[in-house]
Every structure is written in C-alpha cells, then in structure tokens.
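Every heavy atom of this structure was used, including side-chain atoms; hydrogens, water molecules and symmetry mates were not. Proteins come first, then strands; the chains are lettered A, B, ... in the order of their sequence lines, and each starts at number 1.
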Number of protein chains: 2
Amino acid sequence: MARYNIKDVAKVCGVSISTVSHALNDSRYVKKETKEKIFAIASEIGYKPSALAKGLRRKSLNTIAVFIPNIASQFFSQILLGVNKIANKNDFHIIIVNTFYNSEEESRLIESLKSQYVDGAIFVSGLDNRDCIKELHKENFPIVLVARKISEDIPSVLIDNFEAAKSGVDYLVSLGHKDIGYVTFEFENRSTVKDRFEGYKQGLVQNGLEFSPEKVLKIKQYSMDEMGITYECCKKFYVEKKLPTAIMTVTDNVAAGVYNFLKEKGCSIPEDISLVGFDNLLLSAFLDPPLTTIEQPKEKMGECAMEMIINIIKNRHDIKNNIVNLDSKLIVRKSAFKCKK
Amino acid sequence: MARYNIKDVAKVCGVSISTVSHALNDSRYVKKETKEKIFAIASEIGYKPSALAKGLRRKSLNTIAVFIPNIASQFFSQILLGVNKIANKNDFHIIIVNTFYNSEEESRLIESLKSQYVDGAIFVSGLDNRDCIKELHKENFPIVLVARKISEDIPSVLIDNFEAAKSGVDYLVSLGHKDIGYVTFEFENRSTVKDRFEGYKQGLVQNGLEFSPEKVLKIKQYSMDEMGITYECCKKFYVEKKLPTAIMTVTDNVAAGVYNFLKEKGCSIPEDISLVGFDNLLLSAFLDPPLTTIEQPKEKMGECAMEMIINIIKNRHDIKNNIVNLDSKLIVRKSAFKCKK
DNA sequence: TTGTAAGCGTTATCAA
DNA sequence: TTGATAACGCTTACAA
C-alpha cells in the first residue's frame, strides 16, 4: 500500500499543495480547469488524504466513543446498529468501549479516552451516580446518554419508562388480573429500572389495586446471564409463595428466566399465569408462547443519540432539547390472557 | 478540556521535549531523578500524549477495522466480544464496519479504509470471492479472516465445519435415525456453509445411508431475519413432502424457524421429529425444548483473530500458521431423541 | 546524560 | 487566482 500524499498530487498537477487542499475541500475558489485536473489526477493515482494528519491539524478525527455494558447483548447491539447507521452517513467512526457494568472499568476507560482522539462519547445504560461523566459534561466534552439518566442538563435519549410500565399494568388489568407480580433488577442508581418499577406501582394504584412489596422480586444483577439468575432467584423467591395470576418483568431476558421457572413447575403460560416483558428483544418472539412485551425503539434510540452528538459537536445543538423521549408501545403476543379467577 | 502537550511538560520540568518523550516512552536512558520528576509532573497536570500526533508520526494508531455482516446478530457480537477483549489488553482500538452481507458496500468500505488510519482489518464471515480482499492481502496489508475462507495463504480462524456437521449426523444415526433432512443457506461463495453441507452428506454415506438432494432445503438468504425466512421456506418446501425423522440445520436461527413451522403443524419435538442446530447461539437454550446443537467457540475465535493480527502487525507472524482450526463440539440438549420408527 | 531540529500529512494564515 | 509557510503534537536521528 504505497500511499501518495498531497505533495505528490501537487507535483503532478504543477500547483502548490494549498491549491490541492483547497480544491479537494472546496474551501476557497480554485479555477475550474485547475480543480478538474486536481480531481482527475487525485483519483487516477488513488490519492486518499490521511485522516490522521487531517485529524491532527483539525483536532478532530470524527470519531465517537460508545460506552456500552455488553456488545453481545441484544438490546445494546440493536442500539449500536442505529448509532452506526447515522455515523456512517455522516462520515463518523465509532469505537466501542465495553464496560460490563463495571464502574471502575468505565472510569478507567473514560480516563484513557482523554488521551485519545475522540470527539465525543455516547454512554448507553449503566449506573446513574457517575461523577466522572458529570465532570466530562462540565468540561464541555460532548456526551449523550442513552437509556440512562444522570441529570436533566445532560443530553439523553430515553423512553418514558414510567408510562410504559404503567401501560403494561393497564393491559393486564383490562384482562381481569388483580394479582400482579413484578420481577426487576435492583435499582439503586438505575433510574430507568426504577422508573419502570414506579410505573408498575402507580399502575396498580390507579387501577384501584393495592401495591404489595411482597409481590416484587428484586434481582441482584451480578452476572450477564440475566435469564439464568432470574431462574435461580425465582426458585428461591416463590418457594412457598402463592404465584400471582400475572407477572410483569423489567426486561424480556428476565421474562425468559421466569418462563423456564414456570415451565419446570408445570405452570402453563398464559393459561395459569400471564406474563408481560419489556424491551421487545428478538428472543421474545422465539419464546413459547411468544411474549407480550413493551417495545423500546432500540435502533431509533441509537440513531437519535448519534444525531444529537453530531449536532453538539458541530455546535448546532438546541440547548432546550436536552432530554429526548421516544415512543414505546405494547406489543401484544400470546403470553398474557384473560384472568380465569 | 484544556489539554496540555509535551511542550508544557518540558517547560515545567525544565528539560527538552525529547527528554520528556524518551522518559515517558522509556526509549533511551534518562537520569533517574529527571525521569521521576517528569512522571510526577505529567501525572500532576494530567498530561496525556495525543494519540493522534503519535499516530501521525508512527504511521499507526493501533486501530483495527472489523468487518462484520451485522453487529446485532448473536453470532457476530459474540465474536466481537473476543476481538474486543484482546484489543483492550493490547491497547488497540477497533472500529466496526457493518456490511449487511452486501459485497458492494464491503468494497466501498474497504476503499474508504485506505484513507483511514487503521493498521489492519478483520473480516468476519461474508462471501468467498472477494478480489478486493485478496488484493489487500497482496499489498501486504494485515488481514485476518474469521469464519470465512478465501484462500489458503490468507490467515483465517475457523472451525472444521465439515467434521462438525458430520459429527451431528453421527449423533442422529446413533439415536436410530435413518431419514435425516438438512436445512441450509445457499452456499455459492460460502465455503463455511458448504463445508457443513458436505459434512452432512459424508456423514450419511459413512453411516451407510443414502444422500438424497430432495431432503435438502436450500434457503436464499435475502434478509437478516433468518428465522422468518426459514419459516416461510419450510411452509413451501414441506407442503406435500413427508417429513424426515430428523433435521439438521446450518445454524440455530434456522432451527428456530423450523421449530415455529413444526409447532404450527402440530409436530412435537423431539417426539415426532428430532432437530440438531449449529453455532450454539444463546437462543438455542431458550427454545422449547432446548436445542441440541454444535458449539462454535465464538468468543475464542474473536480472541484468536485479534491475537493473530497483532502478531502480523508486529511482524511476529509465524507464516506456517495461516489457518487456525479451533475445536467445536456437540452440545446435547433436548431436541433430539431416539427414533421411534 | 541531554538538547536541537527534521519530519509525519494536513489545514489555514498571510501575502502576492 | 494562487503560493509559502507555520502549525498541529509527537518521535527520533544526530549532535553535544
């Protein structure tokens, strides 16, 4: 890969390098014929400007760091798809930083980011109380959060988790359910998870039902195998508890864990118990029966975040529009049914 | 983010910038006290060398491009996990290029890669007949292939797809099956897919069974929804054909499509028909019944590829070790059972 | 043991 | 309408 540089082009064209640069970048007037010649020769010898040199000079490489708990998770990789799409369209690159929900690792990586060439960062999910992210924002480093909320003034892309969860309860109530359980992750420092829980609670209350903490299973998320830990926790939690007639879960993977537990126990879904998930992960359609769930527009969230950060970088940011709430909706499949009791 | 540069450090330390550079990089002897002072001050003011400037000078940014058909697919994102792990460990970054199995897009992106700052590329899956990849290799640009084979001299990380598929047939035969169907993607230009098919064929023959093309359903992969297209194709293919007693599939997503088809038809798995998948995707454990499948060590393949490419870049490449075959193994779950007939 | 200065490939200022 | 040249922040050959 012998590479040509701008000097080579200039020499062949018989002009100065600044003319070449200006012609190629359209950054000042260049006589038509000169310009044409420059373009012709550049393409002929296959000249590609060095993004590196350009980056050094412009102090920007059009690259965004994307912090994500786990690339290999459906939810996150769908978001990445959207991020990637918009990045491509705008000639941006992304580098992916996998944090595995590890805050120390996240901090370390943010630190190393500073030596890097990134123009901004997108943080997907993760914990709320991250001073280092606030700091980044204070230092005017462009950041956007996705499915995570740290403070009102940091740009974030979300859905209204509270309303979405409430709509799930409404749906179950409309099917006649009065005894509705909830399975969630622990939510200190996770406002998205907490908002869903509050939506569940409020949904009960607004429908004239009583909220009872005993009906809530809180799972400590110590591993990436969300289905597996859910299954284990269910075994302990429901050991001598009566099962409710319906269960809502904080995410589809958790619902899948509940499926496994219920099937093993000989309960059939939805005859004996109804289930509603959250996120509409691909697997929810594979489950048997297919899971009724609440859609989160993952790809769109990624697109939106990338668009926002590009706007911020290019100083086109509309400061009033910090928090963007996208629409979610209930996807009715076959895991929830009329309550028989 | 006011950033300090090497000059600032030099000034504060009262030494020249070359001393600072050498001290920090350990690239020539620097008096102990001087060195200590440089480190102290650098860390105090939070100096981070600009990766960009370093990259321009060294003509390398320690960045690898990873070409992948679809980040949002289980199989690929698991590979990425491994790639990412080793990259992190070695202070490499990756930029991800999503091709959606589109060869033209791939070519275009390879082209744009040349203007970029990447030190090498990993190509995951995709078609075989890619001259532009061969060309890249001829130009001595470091590349490694994963789950894809273009020619013997291009470094590749694979499993032995032929043997793996054969072992699946052996297993089904050991359960008493004599009528074994196969569902695959079309495999012009996809040697990995073809090898599996050949393994299936050879497995039949070696077990004294006859291979019959009518038992093979070939799916044209025009969409990313592998489950959906499989379901549709099954409906057409088996419309008036007798179902075999067992079916092997080219990947678990295809098996999931077959599940849907069979369940709708009222066939139960494994009582009426046995199924064996391929890849051991996460979803295979979620299926009902859990799918017996052939494991492909996805994360390890990613790790291996990244290690190889780093070796190539650092000229530590052992030229004899171009094609690496990792181990695969049969994961027995509950979708295959003794043949009743 | 350390400093000077060239050079990586651009962009952008100033001058013509 | 265009050209010289400094500068981006670093590494490294050469000199001291």
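For A/I68 against A/I96, the heavy-atom pair with the smallest separation is CG2-CG2, 4.2 Å. Across all non-hydrogen atoms, the minimal contact from A/N98 to A/I71 is OD1-N, 3.1 Å. A/D26 and A/K35 get closest at one heavy-atom pair: OD1-NZ, 2.9 Å. Closest of all the heavy-atom pairs between A/D128 and A/S191 is OD2-N, 2.8 Å.
At distances below 3.5 Å, at least one donor-acceptor pair connects side-chain atoms of B/N5 with backbone N or O atoms of B/K7.
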Under 4.0 Å protein heavy-atom contact, by nucleotide of nucleotides 8-16 of chain D - B base, S sugar-phosphate only: BBBBB-B--
Given side-chain hydrogen bond (donor to acceptor under 3.5 Å, both in side chains), test A/S18 with A/S21 step by step and report yes or no. CA-CA 5 Å; A/S18 45; A/S21 172; over 6 Å; no
Between A/Q78 and A/Q74, does the side chain to side chain contact (heavy atoms under 4.5 Å, CB included) criterion hold? Intermediate values first, please. CA-CA 6 Å; A/Q78 296 264 99; A/Q74 252 285 299; 4.1 Å; yes
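For the atom pair CD1 of B/I309 and CD1 of B/I64, the computed distance is 4.5 Å after rounding to the nearest 0.5 Å.
For B/S112, the side chain to side chain donor-acceptor pair (under 3.5 Å) test picks out no residue, with sequence neighbours left out. For B/E299, the salt bridge (charged side-chain N to carboxylate O under 4.0 Å, His left out) test picks out no residue, with sequence neighbours left out.
Looking at A/K138 and A/E135, no side-chain N of the basic residue comes within less than 4.0 Å of a carboxylate O on the acidic one, giving no salt bridge.
A heavy-atom distance below 4.0 Å to DNA chain D is reached by these residues of residues 30-41 of chain A, ordered by number: A/V30, A/K31, A/T34.
Nucleotides of DNA chain C that come within less than 4.0 Å of any heavy atom of chain A span, from the 5' end to the 3' end, C/dG9 to C/dC14.
Recorded end-axis angle for the helix from C/dT1-D/dA16 to C/dA16-D/dT1 stands at 40°, based on five pairs per end and rounded to 10 degrees.
Under a cut-off of 6.0 angstrom, the local environment of NZ in A/K300 is sparse, with at most 12 non-hydrogen atoms contributed by other residues, nucleotides or ligands.
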